[in-house]
Every structure is written in structure tokens, then in C-alpha cells.
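What follows is a set of notes on a single structure, which appears directly below.
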Amino acid sequence: MLSMQFIRENADRVRHDMLLRNTAAPVDRILQLDEERRQLLQQVEHLRARRNVASKAIGASRDRAEREVQITEMRLVGEEIDRLDSQLRKVEQELQEKLLDVPNVVDPSVPPGPDEHSNVVVEQVGAIPAFDFPPRPHWELGPLLDGIDFDRGVKMSGSRFFVLRGGVARLQRALIQLMLNEHTAAGFTEHYLPDMLSEESLYASGQLPKFRDNLYRDAEEDYYWIPTAEVAFVNLYRNEIIPAGRLPLRFVAHTPCFRREKMSAGRDVRGIKRVHQFEKVELFVYCEPEQSEGELELLVRRARLIPELLGLPYRLVQLCTGDLGFNATKTFDVEVWSPGVGEWLEVSSASNCLDFQARRANIRYRPTPEAGARHPHMLNASGLALVRTLIAVLENFQQPDGSVLLPEVLRPYMGTDLLTPPA
RNA sequence: GGAGAGGUGCUGGAGUGGCCGAACAGGCACGCCUGGAAAGCGUGUAGGGGCGCAAGUCCCUCGUGGGUUCGAAUCCCACCCUCUCCGCCA
């Protein structure tokens with residue numbers, strides 16, 4: 001969430017950025033509500049101050065008649081306070097709702113554009129492999145290896161669920177292990193996190209109220225299944241003041257992610273590119289505002305390291321203004337090549353969210369032990385999303401007979417260098 | 001899930017209607033003392049918000065949200081959380 005003060009002082013910038021994002025925000029209404037709020041607040045506080053003084057006098061007074069007069073008077077003042085206060089609350093509630101609906105501002109360096117077609121490919125690394133046979137998509141390769149079982153996944157849970165088996169299941173575990181090892185070696189602290197969070201937590205991280213349709217929730221209790229570990233990491237320090245000297249905090253966790261994907265019913269149904277449950281290794285940073293630009297670069301380096309280690313062709317894409325997520329001011333995607341599907345798969349999204357989430361989640365830090373608290377900047381990146389990375393490994397390193405020649409780095413984790421179809 | 005106890009500042013812990021944004025102790029910071037230190041003494045030590053150029057000033061916050069009252073940390077209601085015992089369980 002943006003601060004009211006920021007909107008007040010930068011109304012034109014906010015309006016402009018909303019246009020860039022291709023969304024609308026009720027900036028004028030917000031400014032109006034803010035004005036009303038402050039007026040009402042002044043009136044209420046003035047009356048409260050008056051009552052506080054009078055109440056003290058009543059407590060100290062010996063004179064019975066005098067007290068009665070004042071009590072009667074204050075009773076009226078109290079009623080007036082109640083009246084104004086309920087108006088104030090109404091205004092504050094609407095203001096809060098509107099404020100929660102406004103996305104983050106856009107970093108000036110972000111290329112303009114209405115949608116993903118204007119995203120900019122910053123760099124492409126690794127040659128797209130040339131096959132002397134038609135490469136199979138993973139929905140053929142997986143069953144051929146007896147490693148992906150679509151039918152039974154669907155039987156158990158429904159569309160967009162799947163089962164991994166044998167060497168392919170192990171491959172996923174190996175990838176997770178590799179990623180965690182690489183990132184922890186670089187100083188990111190490993191976490192095990194709850195996969196279910198309270199509604200309040202989902203608000204704090206910006207998933208709610210806007211993206212309710214994408215979330216799974218428990219029917220009886222106040223639990224939402226996380227759509228990404230980012231949500232948990234944002235809430236890790238909710239309502240806290242981080243003491244001086246701790247930042248930057250660099251975290252990593254492997255968690256499942258649960259997504260409704262309601263909007264895309266009928267799209268991308270083939271294979272396991274878009275599913276309701278997948279594993280992801282997530283990177284997360286809390287840092288001082290002055291550091292966040294550098295930290296974003298670090299996160300991008302961490303994310304692209306993985307396809308580099310695996311020898312997967314990938315490209316780095318900068319999202320244009322219209323494709324930015326709600327929380328992000330600047331985002332880079334890492335996409336790996338999928339020769340079977342014949343397209344680039346997004347496996348990471350690295351975003352700087354500035355203090356947008358910190359404000360929403362009421363997280364602050366002290367620059368020095370004596371200094372006042374400020375909001376830290378928060379950044380996140382996948383490092384990487386699992387099924388898609390798995391798909392890419394299978395498809396890129398497939399052999400004519402359907403076996404998969406595993407990348408060097410994975411062999412210690414796999415205990416073999418080849419996945420082969422059963423005899 | 002059942003029974004009981006409890007949630008106060010950086011920490012411990014007082015406080016059952018006005019003198020309490022909060023005693024006292026500890027911690028921490030600064031100052032005095034000292035050759036230096038310890039001890040001792042003194043001072044300071046929450047967050048948010050409104051108005052103001054500022055100094056400052058006012059409002060709110062004692063788990064959260066309501067209520068009673070001229071006035072609530074203190075009384076009432078609901079909820080959340082923690083602890084102990086029982087039940088259940090990986």
C-alpha cells in the first residue's frame with residue numbers, strides 16, 4: 001500500500017503510473033476522503049481534549065452542584081463525539097478500502113506497454129538445442145518414462161493434478177535440493193514455513209482483497225493455502241520493528257504453492273505447465289531502501305544461476321509497465337526454453353516491491369539503535385518454480401528413445417546419469 | 001475438544017474507576033565520580049496520528065473489537081493467543 005502522505009504529495013505521479021499499468025485508481029476520491037478524514041479528526045480530537053480536561057476537573061472537584069453541571073455538559077459533548085466519530089470511521093473505512101486497492105508505483109526505468117507483448121527480452125543465454133528427431137513434449141515423455149501419471153492425478157483430485165513417480169519424482173527432489181544448496185551457500189537462510197496462513201496474513205501481503213479468486217481456503221477455519229512462499233515471508237515480520245544492524249535479511253524456502261487458476265480454465269490444460277499444486281523454491285529479501293536496487297540484481301543473478309548450472313537455454317525478460325504485478329515496482333522474469341511444448345516457460349519472477357508490502361504488513365526497522373523506525377524494502381524471486389524446471393530438464397535433455405541424459409550437476413543427487421523408459 | 005490460570009512498556013512485575021502512558025526493579029544510553037573500571041549518584045529510555053516552518057501541542061494505544069461511565073489498564077460482553085492438567089495424535 002502507498003502511504004497517504006505519498007499520494008497527497010505525488011498525486012500526479014500516482015495517476016500517471018496507474019495509466020502505465022493499464023488500471024484505474026480512484027485517486028481523486030482518495031484525496032477527498034483524506035481531506036474529510038483530517039477535518040473530522042480535528043473536530044473529534046478537539047472535543048476529546050475538552051472532555052479530558054473537564055473529566056479531570058470533575059474528579060478533583062468537591063462541589064457537588066458544580067460537578068452535576070459539568071457532567072451534564074460532558075454528556076452532551078460525549079454524544080457529539082460519538083456522532084462525529086462514527087462519521088470519521090465511515091470515512092476511514094472507505095479510505096482504507098480504496099488505499100488497499102491501489103497498486104504500487106512504477107519504477108521509471110520500466111519499459112512502457114499495455115501487456116506482456118511489450119515485455120523486453122534483456123538477454124538470451126544458451127543455444128536452443130537442435131534435435132535430429134522431433135522432441136517430445138513432457139506429456140508424452142513423462143508417461144513414456146513412467147514418471148508422470150496424469151490419469152491417476154486427475155482420478156484422485158481432478159483436472160490439473162498429476163503424480164510424479166520413480167526417477168522423475170526423484171528428479172524433482174534433486175532439483176529442490178540443488179537449488180536450496182546453492183542459495184544457502186550464497187548466504188540465504190533456509191526456512192520451513194506454514195503452508196496455510198490466516199486471512200489477515202493474505203491481506204498484509206496484498207493477495208487479498210483483490211485476488212480472492214486465485215486462493216484456496218479452508219471451509220471452516222481461517223486458513224488460506226499459500227499461492228507462494230512470498231506470502232509467508234512477508235508475514236514473517238508482520239507488526240514488528242526489526243532492530244538495527246540486521247538488514248539485509250536474505251531468506252530461502254521450499255514450499256508447495258496452491259493456485260485456483262480459475263481464470264484460465266481451458267487454457268494450458270495439456271501437461272503440467274499450469275497446475276493447482278506445485279513446488280517452488282522462493283528467495284526473499286528484507287533490506288534498507290538504499291539497497292533494494294542492488295538486491296534485485298542479486299536476486300536475478302540467483303535465479304538465472306539455476307538454468308545456467310543445469311545447462312538450460314533461458315532468457316531474461318523485463319516486464320513492461322502493463323504486465324507488472326500489483327505489489328511490484330520492477331520485475332524481471334527468467335524463462336527457460338521448452339523444446340517439446342515449443343515455448344518459453346516462466347520459472348522465476350524477481351520483483352522489487354519497495355516498501356509497499358512493508359507498509360501494508362506494518363513492518364519497520366531501525367537504521368541505528370537510536371533512530372526512528374522506517375519501512376524496509378522487500379523483494380522476492382522464485383529460485384525456481386519446480387514443475388516447469390522439471391519439464392525443461394526432461395524435454396531439453398531427451399534422447400531419441402525417450403531416455404533423459406541428466407545434467408552433470410544433478411548426477412550426485414540422482415545416483416545415475418540417465419533416466420530410461422521401463423523395459 | 002474439556003477444565004483451570006493468564007495476556008501491562010526492552011524485560012520482570014505493580015496497579016480493581018479520576019492523582020496511571022502507567023509505581024518499583026532490571027536492562028540499555030548519557031553524565032558525574034575514578035588513573036581506569038566496578039560500585040554509587042543523577043538524567044533519559046514505546047508506537048501511531050492531527051495541527052504547526054519550528055519549538056511544541058493535542059488525540060489514540062495496557063492482547064483485539066465492542067459496551068457501561070462525565071471519566072476505563074481497572075467494570076461488562078465477544079473473540080484471539082499463551083500456560084497447566086485431561087483427551088487425541090505424527
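Keep in mind that what you see is a predicted model, and the values were worked out from it rather than measured. Throughout, a chain's letter reflects where its sequence line sits, starting with A, and its residues are numbered from 1.
Set against rC60(B), rC58(B), rA46(B), the side chain of R48(A) has rC60(B) as its closest nucleotide. Checking rG71(B), rC60(B), rC58(B) against every side-chain atom of A49(A), the shortest atom distance belongs to rC58(B). Distances were taken from every side-chain heavy atom of E45(A) (C-beta onward) to each of rC70(B), rG50(B), rG47(B); the shortest belongs to rG50(B).
The separation of rU16(B) from rA23(B), taken at their C1' atoms, amounts to 15 Å, rounded to a whole angstrom. rC77(B) and rG9(B) have their P atoms separated by 24 Å, given to the nearest Å. Nucleotides rG18(B) and rA73(B) have their P atoms positioned 10 Å apart, rounded to a whole Å. For the P atoms, the distance from rG42(B) to rU68(B) is 47 Å, rounded to whole Å. Here the separation of rG66(B) from rA72(B), taken at their C1' atoms, is 14 Å to the nearest Å. To the nearest whole angstrom, the two P atoms, one in rC33(B) and one in rU45(B), are 24 Å apart. When the C1' atom is compared between rA46(B) and rA29(B), the two are found 15 Å apart, to the nearest whole Å. The separation of rG49(B) from rG6(B), taken at their C1' atoms, amounts to 32 Å, rounded to a whole angstrom.
Residue N52(A) has a polar side-chain atom (N or O) positioned under 4.0 Å from OP1 or OP2 of rC60(B). The side chain of R89(A) places no N or O atom within less than 4.0 Å of a non-bridging phosphate oxygen (OP1 or OP2) of rC60(B).
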At a cut-off of 3.5 Å, list every protein nitrogen or oxygen paired with a nitrogen or oxygen from nucleotides 18-20 of chain B, distance to 0.1 Å.
{"from": "rG18(B)", "atom 1": "N2", "to": "S55(A)", "atom 2": "O", "distance (Å)": "2.8"}

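Separating the CD atom of E35(A) from the C1' atom of rC51(B) is a distance of 13 Å, rounded to the nearest angstrom. Rounded to whole Å, the distance from NE2 on H375(A) to P on rG48(B) is 8 Å. Atom CD in E220(A) sits roughly 11 Å away from atom P in rG1(B) (whole-Å rounding). Residue R50(A) contributes atom CZ, which lies 19 Å from atom C1' of rG50(B) at whole-angstrom precision. rG49(B) atom C1' lies 12 Å from atom CZ of R38(A), rounded to whole Å. When the C1' atom of rC51(B) is taken as reference, atom NE2 of H46(A) falls 13 Å away, rounded to whole Å. If you measure from atom CD of E92(A) to atom P of rC60(B), you get 14 Å, rounded to the nearest angstrom.
In summary, D85(A) and R89(A) engage in a salt bridge, as defined by a charged side-chain N under 4.0 Å from a carboxylate O. The pair E94(A)-K98(A) meets the salt-bridge criterion, since a charged nitrogen lies less than 4.0 angstrom from a carboxylate oxygen. Electrostatic pairing of R13(A) and D17(A) counts as a salt bridge here, judged by a charged N lying under 4.0 Å from a carboxylate O. Using a 4.0 Å cut-off between charged nitrogen and carboxylate oxygen, R8(A) and D34(A) count as a salt-bridge pair. Salt bridge status for E73(A) with R50(A): present, with a side-chain N to carboxylate O gap under 4.0 Å. The pair E335(A)-R388(A) fails the salt-bridge criterion, with no side-chain N (NZ, NE, NH1 or NH2) lying under 4.0 Å from an Asp/Glu carboxylate O. For the pair E295(A) and R250(A), the salt-bridge criterion is met [side-chain N within less than 4.0 Å of a carboxylate O].
Note on ring orientation: taking the six-membered ring where Trp is involved, the planes of Y216(A) and H276(A) are perpendicular (angle over 60°, cut-offs 30° and 60°).
Counting heavy atoms from C-beta outward, T255(A) and I226(A) have side chains that approach closer than 4.5 Å.
Residues Y314(A) and E308(A) have side chains that bring a donor and an acceptor to within less than 3.5 angstrom of each other.
Judged by closest nucleotide on RNA chain B, R364(A) is the one of R364(A) and Q42(A) placed further toward the 5' end. In terms of position on RNA chain B, the residue among R51(A) and I241(A) whose nearest nucleotide sits closer to the 5' end is I241(A).
Non-hydrogen atoms lying under 4.0 Å from RNA chain B are contributed by M74(A), R75(A), all within residues 72-84 of chain A.
When ring centroids are compared, F258(A) and W225(A) come within the 6.0 Å threshold.
As judged by a 4.0 angstrom heavy-atom cut-off over every strand, R366(A) is placed among residues touching the sugar-phosphate backbone only.
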